[in-house]
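This report refers to the structure that appears directly beneath it.
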2 protein chains.
Amino acid sequence: MLFKIAVDCIIFTYDQQAHQLQVLLIRRENAPAQGEWALPGGFVDQLEDFAVTAARKLRQETGVDVSYLEQVQAYALTDPTAGQRLASVAYYALLDVAHYAPAADRTHYAQWVDLAQLPVLPFDHGQKVQDAWRRLQEAARHRPVPFHLLPRKFPLNHLQKFYEALYQVPLDNRNFRKWVKGLPYVEALAEVEQGVSHRPSQLYQFNTAAYSAYEQITQRTPY
Amino acid sequence: MLFKIAVDCIIFTYDQQAHQLQVLLIRRENAPAQGEWALPGGFVDQLEDFAVTAARKLRQETGVDVSYLEQVQAYALTDPTAGQRLASVAYYALLDVAHYAPAADRTHYAQWVDLAQLPVLPFDHGQKVQDAWRRLQEAARHRPVPFHLLPRKFPLNHLQKFYEALYQVPLDNRNFRKWVKGLPYVEALAEVEQGVSHRPSQLYQFNTAAYSAYEQITQRTPY
DNA sequence: TAGGTTAACGTAATATATACGCTAAGTTTA
DNA sequence: TAAACTTAGCGTATATATTACGTTAACCTA
């Protein structure tokens with residue numbers, strides 16, 4: 001039994017204005033579900049790892065390389081409308097919103113949509129977004145996820161807002177600050193925010209080398 | 001481009017005598033890699049969810065239902081020897097060793113093998129076992145994994161040995177005991193071990209209802 | 001200058017994790 | 001039958017993380 005295999009991509013970004021995680025949706029040009037908003041992707045048409053296919057599709061769609069790409073899982077389409085056997089592999093990716101925005105004249109075809117206000121998506125795309133989000137939440141406990149979605153230099157407040165959006169919980173700013181200060185890979189800069197209408201905050205940045213060192217000593221016990 | 005899709009199954013069990021996690025390997029009957037030890041599985045030949053396919057293959061292989069089945073991930077075979085396009089989806093499962101042991105006359109075809117002493121496996125099966133193990137370790141932090149692999153009634157010592165095998169670290173028996181006592185879903189019984197050549201231990205069992213209640217209040221914060 | 005807003009520092013209480021001493025209750029062996 | 005051995009099981013002290021919340025400082029706007 002033979003299958004066509006599609007890759008579906010959940011591309012996350014973080015909107016600093018709205019303090020919201022967003023997902024890139026495109027309007028489908030072909031049937032089925034023609035004209036509806038759905039996840040970008042396409043059929044696997046090269047002999048290569050699925051991750052490579054996903055990265056290629058994303059580059060074609062956005063024109064830039066995503067900075068983080070992980071598989072969510074594979075899905076069998078149990079109800080294929082055509083006689084065609086279909087399977088799909090979902091990937092989630094991170095893309096700094098500053099690096100890609102749909103062209104103004106293309107907002108009808110590609111758009112960032114708030115995770116909290118997703119429309120109903122065709123096929124199992126809704127499920128895939130939820131699964132990907134869950135995976136992203138887990139990944140962020142072990143990996144430097146936020147730094148892919150924030151500008152290189154950022155105030156602690158922005159980092160906190162990001163976590164609040166990711167986990168959908170309010171965080172205490174004093175405890176959050178304390179926690180971050182304990183992370184050796186987030187380093188303070190001798191710079192402050194510009195052009196804000198309140199006391200400007202000190203800026204911080206991610207230190208890759210310090211992270212690598214830290215990662216190795218983070219071996220959790222079973223309980 | 002069309003693909004054949006295989007499911008590969010990593011079936012874990014726990015050997016109480018050896019204090020070792022084990023994986024079920026079968027001897028391949030067909031080429032490629034004919035005669036070598038490899039993961040059980042087979043091609044997807046029905047229009048159904050991959051998990052259903054995996055469960056079915058496992059039932060055929062072992063004659064029993066596994067108690068836990070989760071997808072690891074999908075893999076593209078980047079180097080298919082035949083012109084055939086191949087993809088595979090790996091699943092890991094848990095099976096109490098007491099419920100299934102290869103028949104004595106079939107040990108040449110199916111065998112439990114210690115995780116710590118796996119032979120070199122063909123294709124990417126070695127990688128898949130490692131990935132599955134990692135996933136199992138993660139799952140055990142959030143789900144009642146050990147209780148699928150231990151007898152219904154067990155002494156705390158056996159539970160500790162299981163965790164030591166899963167994470168490959170020694171644990172302090174006093175602290176471990178304290179930790180378990182804090183888990184509302186592991187309940188003490190009014191029974192003790194039989195036939196051991198030392199002081200018999202009190203027996204414990206998993207309480208499903210208590211676990212469900214506990215699970216809901218276990219909402220971890222971001223940090 | 002007053003009021004609003006966020007930054008930034010701090011303290012106390014609680015919970016969790018880690019290290020390790022010790023006694024108890026069985027079995028085995030001499 | 002007593003001594004030696006093995007694992008069960010209890011407890012205490014210390015360090016580390018988490019949580020709650022009070023307070024002042026710095027900058028903006030009106």
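Proteins get letters first, then strands, A, B, ... in listed order; numbering begins at 1 in each. The model shown is predicted, which means the values in this text are computed figures rather than measured ones.
- A/Asn207 is linked by a side chain to side chain contact (heavy atoms under 4.5 Å, CB included) to A/Glu187, A/Ala209, A/Ala210, counting only residues two or more places apart in sequence or in another chain.
- Between the P atom of C/dA7 and the CG atom of A/Leu171 lies a distance of 14 Å, rounded to the nearest Å.
- The number of heavy atoms from other shown groups lying within 6.0 Å of CD (A/Gln60) is above 12.
- Where B/Ser197 and A/His158 meet DNA chain C, the nucleotide closest to each residue was compared, and A/His158 sits on the side nearer the 5' end.
- The ring-ring contact (aromatic ring centres under 6.0 Å, His included) search around A/Tyr185 returns A/Phe206, A/Tyr211, A/Tyr214, not counting sequence neighbours.
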Polar pairs (N or O, both sides) under 3.5 Å between protein and nucleotides 11-16 of chain C?
from, atom 1, to, atom 2, distance (Å)
C/dT11, O4, A/Lys178, NZ, 3.0

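- Side-chain N/O atoms of B/Arg199 and base N/O atoms of C/dA24 include a donor-acceptor pair closer than 3.5 Å.
- Rounded to a whole Å, the CZ atom of A/Phe154 is 14 Å from the P atom of C/dA7.
- Here the nucleotide nearest the side chain of A/Lys181, chosen from C/dA17, C/dC9, C/dA7, is C/dC9.
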Would you tabulate the side-chain donor-acceptor contacts of residues 117-125 of chain B under 3.5 Å, counting partners in other chains and residues two or more places apart, or write 'none'?
from, atom 1, to, atom 2, distance (Å)
B/Asp124, OD1, B/Lys128, NZ, 3.1
B/His125, ND1, B/Leu39, N, 3.1

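- Among the nucleotides D/dG9, D/dC21, C/dA8, the one closest to the side chain of A/Asp172 is D/dC21.
- Interface remark: the A/Arg177 side chain does not form any donor-acceptor pair with the C/dA7 base, using a distance-only criterion of under 3.5 Å.
- Contact annotation: the side chain of B/His158 never approaches that of B/Tyr204 to less than 4.5 Å [non-hydrogen atoms, C-beta and beyond].
- Partners of B/Ala98 by side chain to side chain contact (heavy atoms under 4.5 Å, CB included), not counting sequence neighbours, listed by chain and number: B/Asp96.
- Note: CD (A/Gln160) to P (C/dA8) measures 12 Å, nearest angstrom.
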Give every donor-acceptor pair under 3.5 Å between a side-chain atom in residues 144-157 of chain A and any protein atom, sequence neighbours left out.
from, atom 1, to, atom 2, distance (Å)
A/His148, ND1, A/Ser67, OG, 3.0
A/Arg152, NH1, A/Gln205, OE1, 3.1
A/Lys153, NZ, A/Glu191, OE2, 2.6

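- Among residues two or more places apart in sequence or in another chain, the side chain to side chain contact (heavy atoms under 4.5 Å, CB included) test is passed with B/Ala6 by B/Phe43, B/Ser88.
- An OP1 or OP2 oxygen of D/dT7 is reached within less than 4.0 angstrom by no side-chain nitrogen or oxygen of B/Asn173.
- Spacing between atom CZ of A/Phe176 and atom P of C/dC9 amounts to 15 Å, rounded to whole angstrom units.
- Within a heavy-atom distance below 4.0 Å of DNA chain D, the residues of residues 183-196 of chain A found are A/Val196.
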Using atom types as modelled, flag every donor-acceptor pair under 3.5 Å from a side chain in residues 18-26 of chain A to any protein atom, sequence neighbours excluded.
from, atom 1, to, atom 2, distance (Å)
A/His19, ND1, A/Gln16, O, 3.2
A/Gln22, NE2, A/Asp15, OD2, 3.4
A/Gln22, NE2, A/Asp114, OD1, 2.8

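- Of the two residues contacting DNA chain D, namely B/Ser201 and A/Arg174, the nearest-nucleotide position lying further toward the 5' end is that of B/Ser201.
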